[in-house]
Amino acid sequence: MMKYQSRKKAIILLADGTIFHGKAVGREGSAFGEVCFNTGMTGYQEIFTDPSYYGQLMVATNAHIGNYGANDEEVESDSIKIAGLIVKNFSYEYSRDRAHSSLQEFLEKNNLLAISDVDTRALVSYIRDNGAMNAVISTEVDDIEKLKEQLAAVPDMNGLELASKVSTTKPYFFGDPNATYKISALDIGIKKNILRNLANRDAYIKVFPYNASFEEMSEWGPDGYFLSNGPGDPEPLTEAIQSAKEILKRDLPLFGICLGHQVIALANGISTYKMHHGHRGINHPVKNLLTGKGEITSQNHGFAINKEETEKHADVEITHLHLNDNTVAGIRLKSKNCFSVQYHPEASPGPNDSTYLFDQFIENIKKVKITA
C-alpha cells in the first residue's frame, strides 16, 4: 500500500507564485483549477462528486480525510467533479462497516490527483487573505517554470461557463411516474439529493439539459419548474436566464438553488459578482427574515447576487441573509410564484434546518393546481 512506500514530493503552486509543499497520495502528475476550501467535518465524498465543484482544487479543512472510506451510494453525481484534492492527513485505512472501499481506491477509480501532508491551515488562511485563485497541484516539482507557464493559460473562473460540462446531454426522468406533482428541472449541475428530496414529496421530475428552452421544459405539462445548483459564472448562461424569464412571465411556480438562484436574479435584472473566496461548508449561519429564525446551512458558491440592486428592485424581496457577511442568501418575487436560496436545503450529510424550502415549493405548486 502507498503509505508504506516512499511517496513522491508534491507542491501547490498558486497563480501569484506562492508555493506550498506536500506529498502525493497515489498517482503522479499535475492538476489545474481554482483553489478553494470546504469547512465541513464530514461528507467528503459528496463534496468530491458535487457538480458545483467542477474544475476546482478542493482543500479539506478537516485534519483527517478518508477515515470512513467510500460508499457507492454517497455520491451527488456519477463521477468525481473536483479537479484535485489537497489534505493534511490522508487515511489509507478506514473503519466503517458501510464503506465499500478505501478513499484511495475511490480516487484511483476516478483518476483523481490528490496530495497530503500539506499545511492546510496556512493554505486556507492564505486564501482567506488573498482570495480564491487558480493553482496547480503537481508531483513535477523540478520544473516550476513550466508549471507557471501552464498555470497562466488556465482560464479565470470569472466569466467561465461550466454548466455545459456537467449537465445531462438529454432529458431523463426521476421518481415515481404516478406521483401527484410533475416538475421540470433544469440541470445546470444538479445534485442527486435534490432530486431525492423532490421525489420524496410526491413529485415526478423530468430533468433537462442546461440549454433547454422554456418550450421544451413545458411541453410535458409540468406543475412547477426548478433551476439547479451548478459550477462557474452564472452570467454566460443566457439560455437558462431566458428560460427563467419565460417561466416568470407566465407566473408559474419556480424554485432555484445556488446557481439557479443567481440565474433568477439575472432574469430580474439583478447582477452577480465573484466573491473574494466564497462560502463552502456545512456550518454557515443564515437568518430567515420572514420568520426571524436562524438556520445552519450547507453552502457551496463562489458567486453572489448584488445586494444593493436587490434592495432597490421593486418586485424582489430579500428573504434570507448570510450572518457572517450579510450577503443575500434568499429572495422571493412579490408578484410572482417564485423564490430562491443561495444555499443547499438538501444537504447530505449536513444540517436539516432548511428542508422546509422543498415543502414550500410543493405548497406553491399545490395552490396553483387547486385553482387551475
Side-chain angles (χ1 to χ4, degrees), residues 3 12 20 22 25 35-53 56-77 80-82 84-107 110 112 114-128 132 191-194 196-197 229 257-258 275 277-286 294-302 322-325 329 341-355:
K3 71 169 185 170
I12 306 157
F20 290 82
V25 165
V35 65
C36 63
F37 61 90
N38 187 293
T39 57
M41 296 295 285
T42 59
Y44 53 72
Q45 199 176 338
E46 289 86 347
I47 291 169
F48 303 161
T49 56
D50 181 349
S52 294
Y53 283 120
Q56 293 182 308
L57 299 173
M58 174 54 58
V59 183
T61 63
N62 190 8
H64 297 274
I65 298 295
N67 50 332
Y68 59 82
N71 183 302
D72 295 340
E73 297 175 3
E74 294 173 355
V75 293
E76 292 292 355
S77 66
I80 285 182
K81 293 299 189 292
I82 60 172
L85 175 63
I86 303 162
V87 304
K88 173 62 176 172
N89 299 307
F90 188 89
S91 299
Y92 291 89
E93 297 175 354
Y94 60 94
S95 53
R96 185 174 63 145
D97 290 341
R98 293 186 63 240
H100 296 127
S101 68
S102 69
L103 182 57
Q104 182 193 13
E105 291 168 328
F106 181 72
L107 298 182
N110 286 271
L112 188 84
I115 65 173
S116 67
D117 296 76
V118 177
D119 187 345
T120 50
R121 292 186 68 180
L123 177 56
V124 168
S125 180
Y126 192 86
I127 297 169
R128 285 180 61 87
K191 293 171 65 177
K192 285 186 176 180
N193 209 42
I194 288 175
R196 295 187 195 106
N197 270 275
N229 61 293
I257 289 177
C258 285
M275 303 174 75
H277 57 268
H279 295 153
R280 297 177 180 90
I282 56 176
N283 54 357
H284 286 255
V286 163
E295 302 170 21
I296 300 302
T297 69
S298 171
Q299 302 207 4
N300 169 21
H301 60 103
H322 194 295
L323 293 178
N324 285 350
D325 57 9
V341 290
Q342 185 63 83
Y343 55 95
H344 288 274
E346 82 292 345
S348 177
N352 295 316
D353 301 24
S354 306
T355 54

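By convention here, the first residue in the shown sequence is residue 1.
Checking Thr39 against Asn283 by side-chain atom types alone, a donor-acceptor pair falls below 3.5 Å. If you check the side chains of His279 and Asp325, you find a donor sitting under 3.5 Å from an acceptor. In the model, Gln104 has no side-chain atom that pairs as donor or acceptor with a side-chain atom of Ser102 under 3.5 Å. Between Asn300 and Asn229, the side chains place no donor N or O within less than 3.5 Å of an acceptor N or O (distance only, hydrogens not considered).
Side-chain contact between Val341 and Ile257 is present, with at least one heavy-atom pair separated by less than 4.5 Å. A heavy-atom distance below 4.5 Å is found between the side chains of Cys258 and Gln342. When side chains are defined from C-beta on, Ser77 does not count as touching Lys191, because their heavy atoms never get closer than 4.5 Å. Using a 4.5 Å cut-off on side-chain heavy atoms (C-beta onward), Thr42 and Ile282 make contact. By the 4.5 Å heavy-atom criterion applied to side chains, Val286 and Tyr343 are counted as neighbours. Contact check for Arg280 versus Gln56: side-chain heavy atoms found under the 4.5 Å cut-off.
Paired with Tyr68 under the rule ring-ring contact (aromatic ring centres under 6.0 Å, His included), one option of Tyr94, Phe106, Tyr44 passes, and it is Tyr44.
We find the CG-CG distance between Leu112 and Leu85 to be 6.5 Å, quoted to the nearest 0.5 Å.
Residue-environment remark: NE2 (His64) stays at or below the threshold of 12 foreign heavy atoms within 6.0 Å.
For the pair Glu74 and Arg96, the salt-bridge criterion is met [side-chain N within less than 4.0 Å of a carboxylate O].
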Given Thr297 and Glu295, is the side-chain hydrogen bond (donor to acceptor under 3.5 Å, both in side chains) satisfied, shown in steps?
CA-CA 6 Å; Thr297 69; Glu295 302 170 21; over 6 Å; no
